[in-house]
Amino acid sequence: MTANDSPSEDGTPNEERDQSFAVDVEDVLEDGMLDETDSGSQGLFDDLLSGEPIFENKEVLRPSYTPHELPHRSDQINKMATILVAALRGETPSNILIYGKTGTGKTASAKFVSQELEQTSKKYDVPCEVEYINCEVTDTQYRVLAQLANKFIEQNEAHVERRLSDLADLREAVEEGVTAAEATPFEDIGGIDSRVDELEGELEDMEPVPMTGWPTDRVYKEFFEAVDYRERVVVIMLDEIDKLVEKSGDDTLYNLSRMNSELDNSRVSIMGISNDLKFTDFLDPRVKSSLGEEEIVFPPYDANQLRDILQHRADIAFEDAALTDDVIPLCAAFAAQEHGDARRALDLLRTAGELAERSQSEHVDESHVRKAQDKIELDRVVEVVRTLPTQSKLVLFSIILLEKNGVHNVNTGEVFNIYKRLCEEVDADVLTQRRVTDLISELDMLGIVNAIVVSKGRYGRTKEISLSVPIEETEAVLLADSRLSEIEEIQPFVQARFDN
DNA sequence: GGTCCACCGGAAACCGCGGAGG
DNA sequence: CCTCCGCGGTTTCCGGTGGACC
């Protein structure tokens, strides 16, 4: 449905704000209930606000939420920690490559570990930083480098400004009579001033990299210098790293992985996160070996593990006793069928809760979960159909027209005839039957239609095609396409053909 | 058993397009 | 700037096929 529900792993850093916001909403809910009993007047929203609230904090169920505990991932987390602890000793940690399908907790675990790492580094005052980049959003070498460069330039600026204010304090102290030599390495105020000038000069040089326009090697140089500006260990987290390689090759990774040999002050370590287990096949062997020094695999969750995860989050997300007992096992079972995707399971649970809320029932029960499953499935289909290429839409529409006229298990020939006529109607070029059979097979792969080859003996051999999605909704989506919306007159034609 | 329908699906050629490279 | 190459989508060509019917 909306963009919010799309399964993107965007790392929006405003969870805390969202949570506090969610709490405010709950407060409003309470107030609303009181007001209603007082005044007795029924406004538009009063109905919706009345009744028991089901959610206590819905944000916990959203994909962007980073949990503080990740059940069944302690092995992976510990392994990451044992590798990254080198950073806290000032050594370079090995590069890490993390594999796992969507919704197996890769990003969440990695973010959790990096938060811990940064906190610990502050505690012991070891300079160590983690930079997160989502390569699906930042998908070219230039953008990756520019983003990193700007992050570090910004930090360096802050660092220099801090030093400047320290020096200003010091200058004051010296003027008040403390001998400079006692407190500082500077001999007198003149020494401090010249150091201030020096730093201000450096500050001048730190300009951010523009989002476009520079040659890539200049951006690289800029990034390199920003990182090497002072002593530290930097962990670069590249999420969806397979997307980056797919779209812009392995140059970026090559450059990043050989940086260490040229850096004087700092150390860089790369942490790649990939959905695709085989993506290293496309890499330069040198990059492959340096990047995959350590590999961590995140296997899909099974139904029991999913149940733990859901239980864990549901405790926070829902009001006490808002869920009936079978809700969580059912969500877990559904999601386990879908390759153990935890995000999917959480989505299901949240949608079930929303449906319950909307229908104003006091509990979330099994029926809501089933409805939620249907709704998510429908949303998926709508999305797939909506983004289909025009030719495929025409083919699908032909099948729908036939189906609507009571022809089930249509064969390729019939579909092709209708399709041809449709093409004339909307002024699209007509593809060959050969090609149309391929399109039908694609629709089959997407689960929109079901096509099996059957032999009708004497009367040939063909695909029997039947629709496997709800007719009305799908048709509505197709008609929403500007090119297909003009079709209306085709109905009599199908009828005529059918009469033959 | 042979025929033959009506399409399947592999192979290869073709065609426009965009991007790398001269 | 032009040229060439690779690529995805498409067309052309064609051999293949399971089983109802003769």
Side-chain angles (χ1 to χ4, degrees), chain A residues 135-136 138-146 211-220 242-255 276 278-279 281-284 286-287 384-403 405-468 478 481-484 493-494 496-500:
Chain A
C135 300
E136 195 171 16
T138 314
D139 58 358
T140 62
Q141 177 167 356
Y142 186 95
R143 287 200 205 146
V144 171
L145 291 176
M211 281 324 286
T212 174
W214 284 7
T216 311
D217 50 351
R218 182 169 167 200
V219 183
Y220 177 76
D242 43 337
K243 297 275 162 46
L244 178 67
V245 175
E246 196 179 294
K247 285 184 189 157
S248 54
D250 54 7
D251 291 357
T252 320
L253 299 179
Y254 180 71
N255 285 335
D276 184 357
K278 299 180 301 180
F279 100 100
D281 293 357
F282 310 113
L283 294 180
D284 186 300
R286 282 170 299 182
V287 180
V384 170
V385 172
R386 202 174 57 78
T387 54
L388 237 36
T390 311
Q391 291 291 351
S392 299
K393 280 183 178 170
L394 286 167
V395 173
L396 179 59
F397 198 56
S398 312
I399 299 169
I400 288 184
L401 283 178
L402 284 162
E403 198 94 14
N405 283 280
V407 196
H408 301 294
N409 296 337
V410 282
N411 55 41
T412 315
E414 293 172 67
V415 173
F416 185 61
N417 284 328
I418 306 293
Y419 160 81
K420 261 195 299 199
R421 191 53 81 85
L422 276 180
C423 285
E424 285 165 26
E425 200 78 15
V426 297
D427 204 21
D429 10 334
V430 186
L431 301 182
T432 46
Q433 182 157 340
R434 178 71 187 83
R435 181 64 190 138
V436 170
T437 63
D438 278 349
L439 293 180
I440 293 173
S441 302
E442 280 169 27
L443 291 175
D444 186 20
M445 300 293 284
L446 289 169
I448 299 173
V449 301
N450 188 15
I452 46 168
V453 278
V454 290
S455 176
K456 291 185 171 169
R458 184 72 226 245
Y459 304 106
R461 195 168 137 79
T462 183
K463 273 201 175 85
E464 264 190 359
I465 304 151
S466 57
L467 212 56
S468 48
L478 285 176
D481 186 304
S482 58
R483 294 195 66 182
L484 302 199
F493 161 74
V494 179
R497 168 157 292 276
F498 190 42
D499 289 342
N500 272 333

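Convention: sequence-line order gives letters A, B, ...; per-chain numbering from 1. Both backbone and side-chain heavy atoms feed into the values below; hydrogens, waters and symmetry mates do not. What you see is a predicted model; the values in this text were computed from it and never measured.
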Indicate yes or no for a side-chain donor-acceptor contact from A/N411 to the backbone of A/E414 under 3.5 Å, with no hydrogens or angles considered.
yes
Ignoring backbone atoms, test whether A/T412 places a side-chain nitrogen or oxygen under 4.0 Å from the OP1 or OP2 oxygen of B/dA6.
no
Can you pull out the residues from residues 452-462 of chain A that lie within a 4.0 Å heavy-atom distance of DNA chain C?
A/S455, A/G457, A/R458, A/Y459, A/G460, A/R461
Atom-to-atom span, CZ of A/R435 to C1' of B/dA13 - whole angstrom
16 Å
Measure the distance from CD on A/Q391 to P on C/dT11 and round it to the nearest whole Å.
8 Å
Please report, rounded to the nearest Å, how far the P atom of B/dC7 is from the CG atom of A/N409.
15 Å
Tell me, do A/E403 and A/H408 make a side-chain contact under 4.5 Å, heavy atoms counted?
yes
If I take atom CG in residue A/N417 and atom C1' in nucleotide B/dC7, what distance separates them, rounded to the nearest angstrom?
13 Å
Please report the distance, rounded to the nearest Å, between CD1 in A/I440 and P in B/dG9.
11 Å
Euclidean distance, atom CZ of residue A/R434 to atom P of B/dC7 [Å, nearest integer]:
14 Å
When you measure from the side chain of A/K393 to the backbone N and O of A/R386, does any donor-acceptor pair fall under 3.5 Å?
yes
Rounding to a whole Å, what distance do you find between A/D429:CG and C/dT11:C1'?
12 Å
Would you check if the side chain of A/Q391 reaches a backbone N or O of A/V436 as a donor-acceptor pair within less than 3.5 Å?
no
For the pair made of CD in A/Q433 and P in B/dC8, what is the distance, rounded to whole Å?
6 Å
Can you tell me if A/Y142 uses its side chain to pair, donor with acceptor, with the backbone of A/V219 under 3.5 Å?
no
When you measure from the side chain of A/S392 to the backbone N and O of A/L439, does any donor-acceptor pair fall under 3.5 Å?
no
Across the strands shown, which category fits A/V430 at heavy-atom distances under 4.0 angstrom: base, sugar-phosphate, nothing?
sugar-phosphate
